Number of protein chains: 2
Amino acid sequence: MMNEPAKQRMTRQRQVILDELMSRKDHPTADELYAAVRRKLPRISLGTVYRNLDVLMRSGLALKLDMGGAQSRFDADISPHYHVKCVSCGRVDDIRETGFVEITLPPSRDDGYAITGVRVEFDGICPQCRGRE
Amino acid sequence: MMNEPAKQRMTRQRQVILDELMSRKDHPTADELYAAVRRKLPRISLGTVYRNLDVLMRSGLALKLDMGGAQSRFDADISPHYHVKCVSCGRVDDIRETGFVEITLPPSRDDGYAITGVRVEFDGICPQCRGRE
DNA sequence: ATCATTGCAAATGGTTTGCAAGACC
DNA sequence: GGTCTTGCAAACCATTTGCAATGAT
């Protein structure tokens, strides 16, 4: 009756995916991760990468970033921080200084929504693309 | 040499799509719009809807909302306002009170990004779904 | 034995695109 | 005539899924 948490095994594939994701500070897409992980596990499949990213996400070990654009990006840094997306080249970086964002969740009335969360994302031009202008 | 703005014609299809989009306060997906527009233009194709939404977007007459999830949503209300997405049913509504959001764009230094914009999106539970709990 | 997990391949589903016909200047 | 636009269908591409085989407990 109880909703038992699903028993998950830390398989070799899952561990390698998580390690890879934690080792980088960019925010790779599933296929970028697939390419990287394949160097250690040549027989791994893209489907497995997707399935494991989903598991890691549900377990709270990774974040899925929908920053617009076709592909999702993933982040193993689950500490609170914001993201900037370069409107020119599409890369996504962290923003660590959060002092300039001030959001007070509105009380649950208004049009009746009970607000449960906010997402703040920045657009910008990365240093590389700035130099190239 | 100059980048002339493309000459666009306000075709019947484009007008009907825009009218439909302006007439509703929800934020329809392309295929919802397609279904609605088809009542007036039974022979219109989904491809035409997509192409016109793209044109309207570039012309600044409509906004494309990427609120996560598979499909994009569109909005003909281009005045500044925020959106809430119901985490339960997926519908998207406007938030008109912006007093509780205070964001100061950071100066262009930090890791080097020149910040050009912010996106703020809310999650919540809509009144309908709240009642149904 | 049981049950999560995998590799593989096929399927899905939203969006885009090539092309020939049609509409507008 | 030139060019923007359309309908149709096929193509695209990220992601998901069915399934038989594998692995861990």
Side-chain angles (χ1 to χ4, degrees), chain A residues 3-21 27-59 61-74 85 90 92, chain B residues 2-21 27-59 61-75 85 90 92:
Chain A
N3 219 344
E4 296 280 350
K7 298 168 190 165
Q8 300 158 13
R9 301 164 186 165
M10 183 51 76
T11 61
R12 178 141 177 60
Q13 286 89 334
R14 188 164 301 161
Q15 186 67 61
V16 171
I17 290 171
L18 181 56
D19 286 347
E20 175 65 27
L21 192 56
H27 306 74
T29 59
D31 63 288
E32 287 170 347
L33 222 31
Y34 172 57
V37 161
R38 210 127 86 110
R39 283 186 235 112
K40 287 194 177 167
L41 302 174
R43 297 192 50 78
I44 199 175
S45 77
L46 182 55
T48 296
V49 172
Y50 273 106
R51 273 184 291 227
N52 276 307
L53 284 172
D54 192 60
V55 170
L56 292 172
M57 207 185 66
R58 284 183 213 284
S59 315
L61 294 174
L63 295 174
K64 183 188 214 166
L65 311 179
D66 275 323
M67 300 283 293
Q71 306 175 68
S72 291
R73 294 178 171 277
F74 297 87
K85 177 172 196 170
V92 174
Chain B
M2 289 249 328
N3 219 342
E4 296 280 350
K7 299 166 191 168
Q8 298 157 18
R9 300 165 186 164
M10 184 50 78
T11 61
R12 178 141 177 62
Q13 287 89 336
R14 190 164 300 161
Q15 187 67 61
V16 172
I17 291 170
L18 181 55
D19 286 347
E20 175 66 25
L21 191 55
H27 306 74
T29 59
D31 62 287
E32 286 169 348
L33 222 30
Y34 173 55
V37 162
R38 211 127 85 109
R39 282 184 237 114
K40 288 195 176 165
L41 302 175
R43 299 191 49 77
I44 199 173
S45 77
L46 181 56
T48 295
V49 173
Y50 273 107
R51 272 183 292 226
N52 277 307
L53 285 171
D54 191 59
V55 169
L56 292 171
M57 206 185 68
R58 284 181 212 285
S59 315
L61 294 174
L63 295 173
K64 183 186 213 169
L65 311 179
D66 275 325
M67 300 282 294
Q71 305 176 68
S72 290
R73 292 178 173 278
F74 298 87
D75 190 353
K85 177 172 198 171
V92 174

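Keep in mind it's a predicted model, so treat the numbers as computed, not measured.
- Side chain of Arg9(B), nearest nucleotide from dT15(D), dG2(D), dT6(C): dG2(D).
- For Leu46(A), the side-chain atoms get nearest to dT15(D) when compared with the rest of dT15(D), dT5(C), dG7(C).
- Among the nucleotides dG7(C), dT6(C), dC8(D), the one closest to the side chain of Arg14(A) is dT6(C).
- Here the nucleotide nearest the side chain of Tyr50(B), chosen from dG7(D), dT5(C), dT15(C), is dT15(C).
- Taking atom CD of residue Gln15(B) and atom C1' of nucleotide dT6(D), one finds them 17 Å apart after rounding to whole Å.
- Distances shorter than 4.0 Å separate none of the side-chain N or O atoms of Gln13(B) from OP1 or OP2 on dA23(C).
- Contact annotation: the side chain of Val55(B) never approaches that of Arg58(B) to less than 4.5 Å [non-hydrogen atoms, C-beta and beyond].
- In this structure, Asp31(A) reaches neither bases nor backbone, as no heavy-atom distance under 4.0 Å exists between it and the strands shown.
- In this entry the distance linking OH of Tyr34(A) with P of dT16(D) reads 16 Å, nearest Å.
- Within the structure, a side-chain polar atom (N or O) of Thr48(B) is placed less than 4.0 Å from OP1 or OP2 of dG7(D).
- The interatomic distance linking Leu53(B) (CG) with dG14(C) (P) rounds to 15 Å, in whole Å.
- Look at Thr11(B) and you'll find a side-chain N or O under 4.0 angstrom from OP1 or OP2 of dT6(D).
- You won't find any donor-acceptor pair under 3.5 Å spanning the side chain of Arg12(A) and the base of dG23(D), going by distance alone.
- Gln13(B) pairs in a side-chain contact (heavy atoms from CB on, under 4.5 Å) with only one of the listed residues (Leu18(B), Val49(B), Ile44(B)), which is Ile44(B).
- Look at CD1 on Ile44(B): it is 9 Å from C1' on dT6(D), rounded to the nearest Å.
- Atom CZ in Arg43(B) sits roughly 11 Å away from atom P in dG22(C) (whole-Å rounding).
- Gln8(A) and Ser59(A) make their closest contact through OE1-OG, 3.1 Å (heavy atoms, listed as atom of the first residue, atom of the second, distance).
- OP1 or OP2 of dT15(D) has at least one side-chain nitrogen or oxygen of Ser72(A) nearer than 4.0 Å.
- Atoms CG (Asp66(A)) and P (dG14(C)) sit 15 Å apart, rounded to a whole Å.
- For Gln71(A) and dA14(D), the shortest distance from a side-chain N or O to OP1 or OP2 is below 4.0 Å.
- The backbone N or O of Gly68(B) sits less than 3.5 Å from a side-chain atom of Lys85(B), completing a donor-acceptor pair.
- Between the CD1 atom of Ile17(A) and the OG1 atom of Thr11(A) there is a distance of 7.5 Å, given to the nearest 0.5 Å.
- Evaluation of atom-type donor-acceptor distances gives a pair under 3.5 Å for the side chain of Arg51(B) against the base of dG18(C).
- Here the nucleotide nearest the side chain of Ala70(B), chosen from dT6(C), dT6(D), dG14(C), is dG14(C).
- Out of dG7(C), dT5(D), dT5(C), the shortest distance to the side chain of Gln8(B) is found at dT5(D).
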